[in-house]
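Have a look at the structure below before the remarks.
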Amino acid sequence: MSEMKEFEASNSGSDVIEVAKSVKNEERERKRREKRKKRLLKEAEKAEKRGVCYLSRIPPKMDPLKLRQILSAYGEIQRVYLVPEDPEAQMRRKKSGGFRGQEFSEGWVEFADKRIAKRVANMLNGEQMGGKKRSQFYFDIWNIKYLSKFKWDDLTEETACKNAIREQKLRLELSAAKKERDFYLNKVEKSRALFEIEERMKKRKVQNGLDSEGPTDQQKPKVIRHFPQKRPLSETAFKSKTKLSKDVLSDIFNSGNDEA
């Protein structure tokens, strides 16, 4: 009995330990979720305070690093995205002996404070970039605009949508090309099978001592078709034409002789 009691006490103690561990793990997981939720809320608040500016033109030889370096003097910048130029235009520029590096067509800049972003856009738009006179961007003009109620997520969503559309078009083109390939291969296999059948038939005819071309002509006699023909109109018209009797003609001519 004492051994049974000790065994039950040990089992109950292990169960209590397991329950305590599970409760502790659940509490730790709950705290982790709360921390994650608070962090996400802070990020959402910060995202609401941010502002995005749009640049319709990027000067030649300017990259995201240089743009961030120039605009950081006006306020804190979070993210910068520049759209690469058309590859064909880049190839034409390289062939003509121009700048061989990467150039960009347009871009977006995210400021930490939307008030600063709006102020920077109103202040710089249409103005000369300036800076040091030896700078290659000294005479370029700013083309910048503040995008009201526009967030960085909208930009990424649009980019993701374009990528999805492009991938869908690519899949459709690949499926169409695969169908054409399968159709062509199917026709090739059919033609090969028909050719092999014809070759076997020719060999069989040669083995039977028949000419490869003669029997086919004998087996397929010429079909002569008869079509009803209409008689010529001249014959029917000649036969159906009314004739004067000999008595009438003799009366006519004799009457003329009597008068004379």
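Predicted, not measured: the structure shown is a model, and the values here were computed from it. Numbering starts at 1 and runs along the sequence shown.
The line from CZ of R115 to OH of Y146 is 10.5 Å long, rounded to the nearest 0.5 Å. Taken from CZ in R119 to CE in M123, the straight-line distance is 8.5 Å, to the nearest 0.5 Å. Atom-to-atom distance recorded for W142:CH2 and L124:CG is 6.0 Å, nearest 0.5 angstrom. Once rounded to the nearest 0.5 Å, the distance linking CG of L55 with CD1 of I144 reads 4.5 Å. Atom CH2 of W108 is separated from atom SG of C53 by 12.5 Å, given to the nearest 0.5 angstrom.
Remark: K94 NZ is packed, more than 12 non-hydrogen atoms of other residues, nucleotides or ligands lying under 6.0 Å away. In the displayed structure, E106 atom CD is contacted under 6.0 Å by more than 12 heavy atoms of other residues, nucleotides or ligands. Within a 6.0 Å sphere centred on CZ of R68, other residues, nucleotides and ligands contribute more than 12 heavy atoms. Environment of NZ in K151: crowded, with over 12 heavy atoms of neighbouring residues, nucleotides or ligands closer than 6.0 Å. When the shell of 6.0 Å around CD of Q168 is examined, it contains 12 or fewer heavy atoms from other residues, nucleotides or ligands. Taking a 6.0 Å sphere around NZ of K145, one finds it holds 12 or fewer heavy atoms contributed by other residues, nucleotides or ligands.
Looking only at side-chain heavy atoms (C-beta outward), I116 and E76 stay at 4.5 Å or farther from each other. With a 4.5 Å cut-off on side-chain heavy atoms, M129 and P59 count as touching. In this structure the side chain of Y138 reaches within 4.5 angstrom of the side chain of Q128, judged on heavy atoms. By the 4.5 Å heavy-atom criterion applied to side chains, V52 and V109 are not counted as neighbours. The side-chain heavy atoms of Y54 and F150, taken from C-beta on, include no pair separated by under 4.5 Å. Put simply, the side chain of D182 does not reach to within 4.5 Å of the side chain of K179, judged on heavy atoms. In this structure, the side chains of R181 and K178 come closer than 4.5 Å at one or more pairs of heavy atoms. Annotation: side chain of R50 is in contact with side chain of Q78 (closest heavy-atom distance under 4.5 Å).
The same ILVMFWY cluster, assembled from side-chain heavy atoms under 4.5 Å apart, contains both L67 and Y74.
Here the side chain of N125 pairs no donor or acceptor atom with the backbone of A121 at under 3.5 angstrom.
Across all their heavy atoms, E103 and P60 have their closest contact at OE2-CB, 3.7 Å. Minimum heavy-atom separation, N143 to R57: ND2-CB, 3.9 Å. When every heavy atom of A117 is checked against every heavy atom of F111, the shortest pair comes out as CB-CD1, 3.6 Å.
Applying the side chain to side chain contact (heavy atoms under 4.5 Å, CB included) rule to L174 yields the partners L170; only residues at least two apart in sequence or on another chain are considered. Residues passing the side chain to side chain contact (heavy atoms under 4.5 Å, CB included) test with E196, sequence neighbours excluded: R192, R200.
For K203 and E199, the salt-bridge test fails: no basic side-chain N is under 4.0 Å from an acidic carboxylate O. Salt-bridge formation is not detected for the pair K24/E27: no Lys NZ or Arg NE/NH1/NH2 atom is positioned less than 4.0 Å from an Asp or Glu carboxylate oxygen.
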- [ ] Give the intermediate values and the outcome of side-chain contact (heavy atoms from CB on, under 4.5 Å) for residues R36 and K31.
- [x] CA-CA 9 Å; R36 189 183 299 115; K31 290 181 179 180; over 6 Å; no
Task: Residues E34, R30; criterion salt bridge (Lys or Arg N to Asp or Glu O under 4.0 Å); working and verdict - done: CA-CA 6 Å; E34 289 180 356; R30 185 180 63 79; 2.7 Å; yes
For residues 79-88, which side-chain N or O atoms pair as donor and acceptor with protein atoms under 3.5 Å away, sequence neighbours left out?
{"residue": "R79", "atom": "NE", "partner": "E110", "partner atom": "OE1", "Å": "2.7"}
{"residue": "R79", "atom": "NH2", "partner": "E110", "partner atom": "OE1", "Å": "3.0"}
{"residue": "R79", "atom": "NH2", "partner": "E110", "partner atom": "OE2", "Å": "3.2"}
{"residue": "E85", "atom": "OE1", "partner": "R93", "partner atom": "NH1", "Å": "3.0"}
{"residue": "E85", "atom": "OE2", "partner": "R93", "partner atom": "NH1", "Å": "2.6"}
{"residue": "E85", "atom": "OE2", "partner": "R93", "partner atom": "NH2", "Å": "2.9"}

